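Okay, so here's the structure we're looking at.
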Amino acid sequence: MIRLYNTLTRKKEELQTLEPGIVKMYVCGPTVYNDAHVGHAMSALVFDIIRRYIEYRGYAVKHVMNYTDVDDKIINRANQTGVDPFVLSQRYIDDFDQNLTDLNIQPATARPRVSKSMPQIIAFVQGLIDKGHAYAASNGDVYFRVLSDDDYGKLSARKLDDMQAGSRIEVEELKEHPMDFALWKSAKPGEPSWDSPWGKGRPGWHIECSAMNLAELGEQIDIHGGGNDLIFPHHENEIAQSESFTGKQFARYWMHNGMLQLSGEKMSKSLGNIVSIKEFLSKREADVMRMLVLNGSYRAPLMFNEETLDGAEKGLERIVTALRPALPAVGHANQGALNALSTQVELTKNGYLSAMDDDFNTAGALGNLFELVRAINTARDAGASGLELQHAQATLRELAQVFGLQLKEKTGSEGADKFINLLIEIRAEVRKQKLWQLSDQIRDRLKELGVTIADSKEGTTWRWE
RNA sequence: GGCGACGUCGCCAAGUGGCAAGGCAAGGGUCUGCAAAACCCUCAUCAUGGGUUCAAAUCCCAUCGUCGCCUCCA
């Protein structure tokens, strides 16, 4: 039984789906006006890991991620660069898709965009007006009437009265209440706009997600996810819109990931302290970013710096090492060593599942994986054969794959193997004659070419590195 | 100022009432001609001060500190 932390109730709850065996999950995607950064990667990775685990547990996941391709930022950037806003957003959508692929993130089963959802959005706004939850102002803007929603503020645990007190929002005369927010914005000159019952205009920020949710997943969904910086106002307003429109509970579980911390601060567009995904991947493997996320807890802030990345990279190598073959000359491992290994396989499986069932505790599950890593290495050192290691290694690989780790061994140029083996063979002869200098020279030169040699009393092995 | 989350070894971090997982780093050792890898050993009483309890990192109160939101943001 999977339990997950629900922001709405601030408690862990059992996952009970609306339809048996199916999880409807909507995760807020990016506004596409710039290169995506590693903070986006964290969020995408968190929900990718969650999705993979839910699927591993036997559910089918309907996963929707939207692209916000109509927005002030896009329009501004388009104007600055002289590129058509739709061309610009298309370019960044393509880039983002590529980023996700590079990070081994499973594509969402549906990826709607604002620009292609206009009829649904307009119908949604009209519906809210019809039900008295929204009103059109004289200038063509349409606002949501917060006072019409009696539990407004329940997700972010705020009260309307409190918000007004500390609010820095300039009260617009056209609004009935200062916290009323725009569902539809009347067009300004030079902006993309669409025809509507209230004149030419474009959607506000929050309505798109309500409308796309309804279109793709229906009136009610199981999980709604996103970064915790979206709790207010975005998700709060989504709830207000959707529940006012349908009269039903919108999402059963609200899940929010913590922020990536770069030198102690949130990485964000406005602070300008950004590392793009592209930039990251030019320096490190995709698995390193995933390991960093796995080693933390998805709801807490995640430290992103050279030190934590080095740690993630080393941990990754440790798992990869455990998957390597048995030693060349296999002795016979004693029964005790083999029993210890199979015991650990069971312990790890159980530990992994109970950690992950408990609100996707990846750090705890990872700890279990490392215990299996050690058991495998110990058995190998004791002389276990490939066959004897097989089950444990398969388990390790399976559980790592549920995490979405690829665990790629580096490979070199094709066809080089036989020449490398030849060199190793010659070197073995050289070593027999104790010509250490020559032997070391071969090792050093191969190292420079990306081949690492390891000698042991059972023989010599090599690998690309 | 308001609301929320949090403070566990040098770093990342699990654990939320019953003797403090795991990874990285560090030190010592085994193996090795040397090296790499691996393995073994060592390495914390849980921000501070009170309180509840037979028993608290884990519950309550206070203080200090950090982060997020309140404005675009994963």
Side-chain angles (χ1 to χ4, degrees), chain A residues 7 10 27-31 33 36-47 68 71-73 76 153 156-159 161-170 179 205 225-234 236 256-261 264-271 291-292 294-297 299-319 321-322 324 327 351 355 358 361-371 373-374 376-382 431 434-437 439-440 443-444 447 452-457 461 463 465:
Chain A
T7 306
R10 317 229 168 234
V27 181
C28 288
T31 300
Y33 72 99
H37 56 69
V38 285
H40 294 108
M42 176 193 178
S43 189
L45 282 166
V46 161
F47 288 100
T68 299
D71 173 85
D72 288 342
K73 299 261 181 192
N76 290 341
S156 54
R158 291 157 203 250
K159 294 182 182 117
D161 299 341
D162 294 341
M163 284 188 277
Q164 287 176 72
S167 175
R168 283 182 255 159
I169 298 169
E170 286 175 33
M179 292 309 293
W205 176 32
N228 68 14
D229 55 347
L230 295 179
I231 294 172
F232 190 90
H234 185 54
E236 192 68 72
H256 293 97
N257 64 275
M259 295 291 103
L260 199 68
Q261 301 292 120
E265 272 182 321
K266 178 178 96 159
M267 175 177 324
S268 80
K269 292 169 185 173
S270 54
L271 289 171
M291 268 300 273
L292 189 72
L294 290 167
N295 186 49
S297 131
R299 285 193 277 137
L302 182 66
M303 302 300 161
F304 179 93
N305 55 50
E306 289 304 307
E307 198 176 4
T308 58
L309 287 170
D310 285 344
E313 199 162 76
K314 287 293 187 61
L316 192 61
E317 276 172 30
R318 215 170 135 66
I319 296 175
T321 301
R324 292 197 178 124
L327 297 172
D358 183 13
N361 179 356
T362 53
L366 193 59
N368 282 282
L369 244 46
F370 279 118
E371 280 168 16
V373 164
R374 193 187 311 116
I376 291 171
N377 288 334
T378 301
R380 185 200 286 109
D381 281 358
R431 291 182 74 219
K434 299 192 191 297
L435 298 172
W436 306 125
Q437 209 175 352
S439 153
D440 289 353
R443 185 173 64 198
D444 293 345
K447 178 95 181 172
T452 299
I453 285 181
D455 299 316
S456 75
K457 61 182 170 218
T461 59
R463 63 177 182 273
E465 203 157 75

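In what follows, chains are A, B, ... by sequence order, proteins preceding strands, each numbered from 1. Since we're looking at a predicted model, the values are computed, not measured. Hydrogens, waters and symmetry mates are skipped; everything else that's a heavy atom, side chains included, is used.
The base-pairing partner of B/G68, taking Watson-Crick or G-U wobble contacts with both distances under 3.5 Å, is B/C3. Partner assigned to B/A38 is B/U30, using Watson-Crick or G-U wobble distances below 3.5 angstrom. Applying the Watson-Crick and G-U wobble criteria (two distances, each under 3.5 Å), B/U52 pairs with nothing in any strand. Pairing for B/U58 is absent, with no Watson-Crick or G-U wobble pair whose two atom distances lie under 3.5 Å. With a cut-off of 3.5 Å on both Watson-Crick or G-U wobble distances, the partner of B/A44 is given as none. Base-pair partner of B/U16: not found among the strands shown (Watson-Crick or G-U wobble, both distances under 3.5 Å).
The residue among A/G258 and A/N361 whose nearest nucleotide of RNA chain B is located toward the 5' end is A/N361.
Nucleic acid contact class of A/G29 (heavy atoms, under 4.0 Å, all strands): sugar-phosphate only. Using a 4.0 Å heavy-atom distance criterion, A/T461 is classed as making no nucleic acid contact. A/E313 comes within contact range of no nucleotide atom at all, as no heavy-atom separation falls under 4.0 Å. Heavy atoms of A/D310 sit nowhere under 4.0 angstrom from any nucleic acid atom.
Between A/K159 and B/C3, a side-chain N or O to OP1/OP2 separation shorter than 4.0 Å is absent. Between B/C24 and A/T308, no contact under 4.0 Å exists linking OP1 or OP2 to a side-chain N or O.
The main-chain N or O of A/L435 is never found under 3.5 Å from a side-chain atom of A/S439 such that the two would form a donor-acceptor pair. Remark: the backbone N or O of A/S156 is paired with a side-chain donor or acceptor of A/E236 at under 3.5 angstrom. A distance-only check finds no donor-acceptor pair linking the side chain of A/S43 to the backbone of A/H40 [under 3.5 Å].
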Could you go through nucleotides 29-31 of chain B and list every protein N or O atom that sits under 3.5 Å from one of its N or O atoms, giving the distance for each pair?
none

Anything under 3.5 Å between a protein N or O and an N or O of nucleotides 4-10 of chain B, put it in a table, one pair a line.
unit_1, atom_1, unit_2, atom_2, d
B/G4, O2', A/R10, NH1, 3.4

Pairs under 3.5 angstrom, nitrogen or oxygen only, protein versus nucleotides 57-61 of chain B, please.
none

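Rounded to whole Å, atom C1' of B/U66 lies 9 Å from atom CD of A/Q261. In this structure, A/L294 atom CG and B/C24 atom P are separated by 15 Å, rounded to whole Å. One interatomic measurement links the two molecules: NE2 of A/H234 to P of B/C70, which rounds to 13 Å at whole-angstrom precision. Rounding to whole angstrom units, CG of residue A/N368 and P of B/A13 are separated by 19 Å. A straight line from CE of A/M291 to C1' of B/G23 spans 7 Å, rounded to a whole angstrom. Per the geometry, CG belonging to A/L230 stands 6 Å off C1' belonging to B/A74, to the nearest Å. Atom-to-atom, CG of A/L260 to C1' of B/U66 comes out at 16 Å; the value is rounded to the nearest Å. If you take CG of A/L316 and C1' of B/G22, they are 15 Å apart, rounded to a whole angstrom.
With sequence neighbours left out, the side-chain hydrogen bond (donor to acceptor under 3.5 Å, both in side chains) criterion links A/E307 to no other residue. Residues satisfying the salt bridge (Lys or Arg N to Asp or Glu O under 4.0 Å) test with A/D444, not counting sequence neighbours, are none. Listed by chain and number, the residues in a side-chain hydrogen bond (donor to acceptor under 3.5 Å, both in side chains) with A/R299 are A/D359 (sequence neighbours excluded). With sequence neighbours excluded, the residues that form a side-chain hydrogen bond (donor to acceptor under 3.5 Å, both in side chains) with A/D310 are A/R284. For A/K314, there are no salt bridge (Lys or Arg N to Asp or Glu O under 4.0 Å) partners, not counting sequence neighbours. Checked against salt bridge (Lys or Arg N to Asp or Glu O under 4.0 Å), A/R463 has the following partners two or more places apart in sequence or in another chain: A/E465. Taking A/N361 as the reference, A/A355, A/A363 meet the side-chain contact (heavy atoms from CB on, under 4.5 Å) condition, with sequence neighbours excluded. Checked against side-chain hydrogen bond (donor to acceptor under 3.5 Å, both in side chains), A/D381 has no partners two or more places apart in sequence or in another chain.
Spacing between B/G28 and B/A55 at atom C1', rounded to whole Å, works out to 37 Å. Comparing B/C34 with B/A57, their C1' atoms sit 47 Å apart, to the nearest whole Å. Between the C1' atoms of B/A13 and B/G7, the separation comes to 13 Å (whole Å). Taking atom P in both B/A62 and B/C67, the straight-line distance is 22 Å, to the nearest Å.
Taken to the nearest 0.5 Å, the SG atom of A/C28 stands 7.5 Å off from the NE2 atom of A/H256. Once rounded to the nearest 0.5 Å, the distance linking CG of A/N257 with CE of A/M42 reads 5.0 Å.
In this model, a donor atom of one side chain and an acceptor atom of the other lie less than 3.5 Å apart for A/R380 and A/N377.
Relative to the side chain of A/W436, the nucleotides B/G15, B/G33, B/A74 differ in distance, and B/G33 lies closest. For A/K314, counting side-chain heavy atoms from C-beta on, the closest listed nucleotide (B/C24, B/A74, B/A13) is B/C24.
Looking only at side-chain heavy atoms (C-beta outward), A/L260 and A/H37 stay at 4.5 Å or farther from each other. Side-chain contact check for A/M259 versus A/L302: every heavy-atom pair is 4.5 Å or farther apart.
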- Query: Reading nucleotides 34-41 of chain B from the 5' end, what letters show protein touch, with B for base, S for backbone sugar-phosphate only, - for no heavy atom under 4.0 Å?
  - Reply: BBBSBSS-
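Here A/F370 does not lie in a stacked arrangement on the base of B/G23, lacking the combination of planes under 30° and ring centres under 5.5 Å apart.
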